Amino acid sequence: MKNLEIEEILYEIADILEIQGVEFKPGTYRKAARNIETLGEDIREFYKKGKLKDIPGVGEHIAKKIDEIIETGKLDYLEKLRKEIPRHLSELLQIQSLGPKKAKILYDKLKIDSLAKLEKALEQHKIQSLEGFGEKSEQDILERLKLMKKGQERMLLGLALPIAKELKSKLEKLKQAKKIVIAGSLRRKKETIGDVDILAVSAHADEIMDYFTSMDDVSKVLAKGPTKSSVLLNSNLQVDLRIVKEDEFGAALQYFTGNKDHSIKTRLLANKLGYKLSEYGLFKGKKRIAGKTEQEIYKKLKMQCPEPEIRENTGEIEAALENKLQKLIPYNSIKGDFHTHSNYSDGSSTMKEISDAALNIGYEYICIADHSKSSRIAHGLDETKLLKKLDEIKELNKSYKKFKILKGAEVDILKNGELDYSDDILKKLDIVLASVHSSFKMPEKEMTERISAALSNKQVDILAHPTSRMFGQRPEINIDLEKIFEVCKKNKIYPEINSTYTRMDLKDTNIRKALEHGLKFCIGTDAHNANQLENIEIGVSQARRGWCGKKDIVNTSSLKELGKFFRKIS
DNA sequence: GCCGTTTTCGGCCCGACTGTTTTCAGTCG
């Protein structure tokens, strides 16, 4: 994909222009870059059709620049800018608390144009005597530089969520706190989290802030004020806490949930209607006309209230204005899990433990789908073992009344596109999941053919973790997803939304793409022990980010209705 | 440089916190 390269160029232009003190243009370049980032499609498709200007924030001039990058692989304008500003000066902007103005001063006065030179100057205490800097800012910049070198990577949703929930319950125990809510990208359930935003309603802000900034786990207090404080935890995770009044709660929540583009756009909308929107409310002149809830604010803006997971400024505002947003799948609407592993293969719980846990959650069914024989590392089952397992399921099912264990398998798609079990074996299963577990680096054409071949087998029901990405381990496999979705549609196959927090596969933008093909999905936890069944929350949030309603997700159906979706279940 | 049920020209979100200052500029979200 060319997108990443183009984004980076546009961001670099923005940084340089900003350091040069150019007004407004940096914002324009950043906006265009962000919109390309969230495009979810190869920008060369827009280029080929001559439709670059259809991308929001891309106008005549930026479109021309993108043309040049695609055609020649470089951009004269950027080369020219780089000559005006030292190559690495913009890397100073990566440091929190250093912005364009201060970076410019550092360069003008001390010829600092790289992080290395900055560090040296800090150690020699040359910074504190500069105009606008002092002892404290020198110390602060040094600390943040060290932090950055340690690497402040974004944290995966599945890791940040439990930390945030624990913080929330700690704060809830304070009697001064009336309401504690998680906002920000965590509320939007973005797949990675930069920091945790918590919003509180209280009339005793001081006491809460004192507690918050002195918690055991706090390694540094970044800011502390009566309405807003920021701390860094030992895990390097930044947590921001804001305290607002009851009447402002909805406005504050709307603002702190974001994302940034969504907030800005709603504020612009407010302006157009003659209002002013801030985190304190929606105002007409000095009079607050809404602010207690998000719903009343959006209502005054003459639009539906988009659910947090889709507030990314990727079309939700336009849809909400036209009253075209469908209700997203509710978190409590899942009736069963199609993807779990028992100790027959690489799971650690017995089939009984898994099904009892499922029953306990309130599920009506659970599909236990262990690995097939080629997955040796995962102790995949050979035919004999599989048949034994099916017998055991039959026995176990006798002990349940309104609950059923479905006979499943996660069958490897072999390198040649064949499945790892014969049709005769597959026919004995209720549900067949097919997935790729080997030769991840195949070229796109070959991989697409491999998967398409597997999906043309009539026994297959679900394509599990379709792109096989693993955060920090391997990227998405090379496939033409559009083609795969067409094959799914033709053969009545459901792509999976895998809930494992290191997978989250399909991802949000791909789910939206699949929806356009008229596909339905199965959400699966890929649980390897009974406790992991609760990870379904991650999958549902991902489905919501992909704009799915209840009807788009097969496992919102009751046990009785499953026959409508799976050919081997009656 | 982009964009338009206020505009094809003239706007471009809005407020808190910090440090360095004597009233504010810079940065962040």
Side-chain angles (χ1 to χ4, degrees), chain A residues 10 13-14 17-19 21-35 52-66 77 92-106 127-141 144 183-185 188 193-199 205 209 213 221-231 238-244 248 251-252 254-283 301-303 313 318 321-322:
Chain A
L10 296 180
I13 294 174
L17 291 175
E18 188 134 55
I19 291 169
V22 178
E23 279 194 299
F24 303 115
K25 281 193 197 182
T28 310
Y29 277 96
R30 288 211 178 98
K31 195 190 277 176
R34 271 200 302 275
N35 285 327
L52 283 171
K53 286 204 274 182
D54 285 3
I55 302 168
V58 175
E60 196 187 330
H61 294 85
I62 293 185
K64 253 191 200 158
K65 292 185 173 79
I66 297 174
Y77 177 63
L92 300 187
L93 303 184
Q94 295 166 30
I95 298 176
Q96 286 239 339
S97 82
L98 264 193
K101 300 272 164 45
K102 289 190 168 174
K104 181 97 186 325
I105 295 174
L106 290 173
I127 308 283
Q128 51 178 284
S129 52
L130 294 177
E131 201 186 326
F133 292 81
E135 223 171 302
K136 274 193 173 174
S137 38
E138 189 177 86
Q139 188 60 31
D140 189 51
I141 293 169
R144 294 190 199 233
S185 52
R188 302 200 313 279
I193 303 300
D195 58 19
V196 176
D197 288 296
I198 299 179
L199 195 62
M209 288 307 191
T213 50
V221 177
L222 298 170
K224 188 184 176 190
T227 63
K228 179 182 160 183
S229 294
S230 259
V231 300
Q238 184 178 324
V239 186
D240 298 343
L241 174 65
R242 344 253 170 164
I243 297 182
V244 298
E248 305 161 345
Q254 195 272 338
Y255 176 59
F256 294 125
T257 296
N259 72 358
K260 192 173 178 179
D261 288 342
H262 179 94
S263 295
I264 291 176
K265 204 156 193 177
T266 44
R267 286 181 176 198
L268 285 170
L269 258 174
N271 292 350
K272 277 177 193 157
L273 293 168
Y275 305 139
K276 189 187 75 169
L277 178 62
S278 76
E279 53 263 54
Y280 298 105
L282 184 67
F283 294 88
L301 296 178
K302 299 195 168 88
M303 61 194 284
N313 190 28
E318 292 75 7
L321 283 166
E322 290 176 25

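Scope of the values below: all heavy atoms of this structure, side chains included, with no hydrogens, waters or symmetry mates. Each chain gets a letter, A, B and so on, in the order the sequences are listed, and its residues count up from 1. As the structure is a prediction and not an experimental result, all values here were calculated from the model.
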Undergrad: Can you work out whether A:L222 or A:P100 has the more 5'-proximal nearest nucleotide on DNA chain B?
TA: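 Counting from the 5' end, the first nearest nucleotide belongs to A:L222.
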Undergrad: In whole Å, I'd like the distance from the NZ atom of A:K104 to the P atom of B:dA25.
TA: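 For the pair A:K104 NZ and B:dA25 P, the rounded distance is 17 Å.
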Undergrad: Out of B:dG29, B:dT18, B:dC13, which nucleotide sits closest to the side chain of A:A223?
TA: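 Nearest nucleotide to the side chain: B:dT18.
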Undergrad: Using the closest heavy atom to pick a nucleotide of DNA chain B for each, name whichever of A:S263 or A:I105 lands nearer the 5' end.
TA: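 The 5'-side residue here is A:S263.
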Undergrad: Does B:dC24 pair with anything, Watson-Crick or G-U wobble, both distances under 3.5 Å, and if so, with which nucleotide?
TA: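 Because both required distances fall under 3.5 Å, B:dC24 counts as paired with B:dG19.
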Undergrad: Could you tell me if the side chain of A:F133 sits less than 4.5 Å from the side chain of A:I105, heavy atoms only?
TA: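 Heavy-atom side-chain distance check passes, below 4.5 Å.
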Undergrad: Which nucleotide in the list B:dC14, B:dG26, B:dC17 gets nearest to the side chain of A:K101?
TA: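 Minimum distance to the A:K101 side chain belongs to B:dG26.
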Undergrad: Could you tell me how far B:dT8 sits from B:dC3 if I compare only their C1' atoms? Round to whole Å.
TA: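 Going atom to atom, C1' in each nucleotide, I get 9 Å.
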Undergrad: NA contact type, A:E131, heavy-atom cut-off 4.0 Å: base, sugar-phosphate, or nothing?
TA: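 Here A:E131 touches no strand at all.
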Undergrad: Figure out the CZ/P separation between A:R144 and B:dC28, and round it to whole Å.
TA: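 Spelled out: CZ on A:R144 to P on B:dC28 is 8 Å.
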Undergrad: Sticking with atom P, work out how far B:dA16 lies from B:dT22, rounded to a whole angstrom.
TA: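 B:dA16 and B:dT22 have their P atoms separated by 23 Å.
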Undergrad: Output yes when at least one side-chain N/O atom of A:Y280 is less than 4.0 Å from OP1 or OP2 of B:dA16, else no.
TA: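 Looking at the OP1 and OP2 atoms of B:dA16, one of them is under 4.0 Å from a side-chain N or O of A:Y280.
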Undergrad: Would you kindly give the CG-to-P distance between A:L98 and B:dG26, to the nearest whole Å?
TA: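 Those two atoms, CG and P, are 13 Å apart.
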Undergrad: Go through B:dG26, B:dA16, B:dC12 for me and flag the one nearest to the A:K102 side chain.
TA: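 Of the options given, the side chain of A:K102 lies nearest B:dG26.
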Undergrad: Check the distance between B:dC3's C1' and A:L269's CG and give it to me in whole angstrom.
TA: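 In whole Å, B:dC3 C1' and A:L269 CG are 14 Å from each other.
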Undergrad: If you check the A:K224 side chain, which of B:dG29, B:dC17, B:dT18 turns out closest?
TA: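 Nearest listed nucleotide: B:dT18.
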Undergrad: Is the shortest heavy-atom distance from the side chain of A:L93 to the side chain of A:I19 under 4.5 Å?
TA: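 A:L93 reaches A:I19 side chain to side chain.
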Undergrad: Should A:K25 be listed as having a side-chain N or O under 4.0 Å from OP1 or OP2 of B:dG1?
TA: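 Yes, within the criterion.
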Undergrad: With a 4.0 Å limit, can you tell me whether A:Q128 has a side-chain N or O closer than that to the phosphate oxygens OP1/OP2 of B:dT20?
TA: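 False: A:Q128 side-chain N/O out of range (4.0 Å or more) of B:dT20 OP1/OP2.
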Undergrad: Check the distance between B:dC13's C1' and A:N313's CG and give it to me in whole angstrom.
TA: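 That distance rounds to 13 Å.
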Undergrad: Does a side-chain N or O of A:S137 approach OP1 or OP2 of B:dT20 to a distance below 4.0 Å, or not?
TA: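 So the side-chain polar atoms of A:S137 do come within 4.0 Å of the phosphate oxygens OP1 or OP2 of B:dT20, strictly under.
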Undergrad: Side chain of A:K276, heavy atoms from C-beta onward: which of B:dT18, B:dC17, B:dG15 has the nearest atom to it?
TA: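 Taking heavy atoms from C-beta onward, the closest nucleotide is B:dG15.
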Undergrad: Determine the contact category for A:E135: base if any of its heavy atoms lies under 4.0 Å from a base atom, sugar-phosphate if only primed atoms, P, OP1 or OP2 are that close, otherwise nothing.
TA: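 It contacts sugar-phosphate atoms only.
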Undergrad: Could you please spell out the steps behind the salt bridge (Lys or Arg N to Asp or Glu O under 4.0 Å) verdict for A:D140 and A:K136?
TA: CA-CA 6 Å; A:D140 189 51; A:K136 274 193 173 174; over 6 Å; no
Undergrad: If the P atom of B:dC9 is compared with that of B:dC14, how far apart are they to the nearest Å?
TA: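 After rounding to an integer number of Å, I get 25 Å for this pair.
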Undergrad: B:dC17, B:dC14, B:dG29: which one has an atom nearest the side-chain heavy atoms of A:P226?
TA: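 Minimum distance to the A:P226 side chain belongs to B:dC17.
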Undergrad: So, do A:I141 and A:K102 sit near enough that their side-chain heavy atoms are less than 4.5 Å apart?
TA: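 No, side chains not in contact.
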Undergrad: Measuring from the side chain of A:I62 (C-beta onward, heavy atoms only), which nucleotide among B:dT18, B:dG26, B:dC2 has the closest atom?
TA: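 Given the options B:dT18, B:dG26, B:dC2, the side chain of A:I62 is closest to B:dC2.
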Undergrad: Should the pair A:D261-A:K265 be classified as a salt bridge under the 4.0 Å nitrogen-to-oxygen rule?
TA: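 So A:D261 does not pair with A:K265 through a salt bridge.
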Undergrad: Measure from CD on A:E138 to C1' on B:dT20 and round the result to the nearest Å.
TA: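 It works out to 14 Å between those atoms.
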Undergrad: Any side-chain N or O of A:N35 below 4.0 angstrom from OP1/OP2 of B:dC2?
TA: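 So the side-chain polar atoms of A:N35 never come under 4.0 Å of the phosphate oxygens OP1 or OP2 of B:dC2.
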Undergrad: Taking the six-membered ring for Trp, does A:F133 stack with B:dT20 (centroid gap under 5.5 Å, planes within less than 30°)?
TA: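 No, A:F133 does not stack on the base of B:dT20, since the centre distance and plane angle fail the 5.5 Å and 30° test.
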Undergrad: Whether A:K302 contacts B:dT5 is assessed here as follows: a side-chain N or O lying under 4.0 Å from the phosphate OP1 or OP2. Is that the case?
TA: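 Answer no for this pair, as no side-chain N or O of A:K302 is under 4.0 Å from OP1 or OP2.
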Undergrad: Base, sugar-phosphate or nothing for A:K65? Non-hydrogen atoms, less than 4.0 Å.
TA: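 Sugar-phosphate, no base atom in range.
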Undergrad: Go through B:dC14, B:dG1, B:dG4 for me and flag the one nearest to the A:K272 side chain.
TA: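 Ranking B:dC14, B:dG1, B:dG4 by closest atom to the A:K272 side chain puts B:dG4 first.
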Undergrad: Hey, are A:K104 and A:E18 close enough for a salt bridge, meaning a charged N less than 4.0 Å from a carboxylate O?
TA: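 Answer for the salt bridge query: no.
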Undergrad: Whether the A:Y29 and A:K65 side chains hold a donor-acceptor pair (N or O, under 3.5 Å, no angle test) is what I'd like checked.
TA: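 Note: A:Y29 and A:K65 side chains meet the donor-acceptor criterion.
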Undergrad: To the nearest Å, how far apart are A:E18 CD and B:dC28 C1'?
TA: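 In whole Å, B:dC28 C1' lies 12 Å from A:E18 CD.
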Undergrad: Please report the distance separating the P of B:dA25 from the corresponding atom of B:dT21, rounded so that it comes out in whole Å.
TA: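 Straight-line distance between the two P atoms is 13 Å.
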Undergrad: Determine the interatomic distance between C1' on B:dT23 and the same-named atom on B:dC17; round to the nearest Å.
TA: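 Their C1' atoms lie roughly 16 Å apart.
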Undergrad: Side chain of A:K260: nearest nucleotide among B:dA16, B:dC13, B:dC2?
TA: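 Nearest to the side-chain atoms of A:K260, counting from C-beta on, is B:dC13.
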Undergrad: May I ask you to test the A:L106-A:L98 pair for a side-chain heavy-atom distance under 4.5 Å?
TA: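 Yes - at least one pair of side-chain heavy atoms lies under 4.5 Å apart.
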Undergrad: Between atom NE2 in A:H61 and atom P in B:dC3, what is the gap in whole Å?
TA: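 Distance check: A:H61 NE2 to B:dC3 P gives 12 Å.
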Undergrad: Would one find a side-chain N or O of A:S97 under 4.0 angstrom from OP1 or OP2 of B:dC28?
TA: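 No, outside the criterion.
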Undergrad: Tell me which nucleotide among B:dA16, B:dG29, B:dG1 gets nearest to the side chain of A:Y255.
TA: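 Nearest to the side chain of A:Y255 among the choices is B:dG29.
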Undergrad: Describe the nucleic acid contact of A:I95 in one word from base, sugar-phosphate, nothing, applying a heavy-atom distance below 4.0 Å.
TA: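 Contact class for A:I95: sugar-phosphate only.
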Undergrad: If you measure from the C1' atom in B:dT27 to the same atom in B:dT20, how many Å do you get, rounded?
TA: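 Their C1' atoms lie roughly 14 Å apart.
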Undergrad: Please give the distance between the P atoms of B:dT7 and B:dC12 as a whole number of Å.
TA: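 Straight-line distance between the two P atoms is 16 Å.
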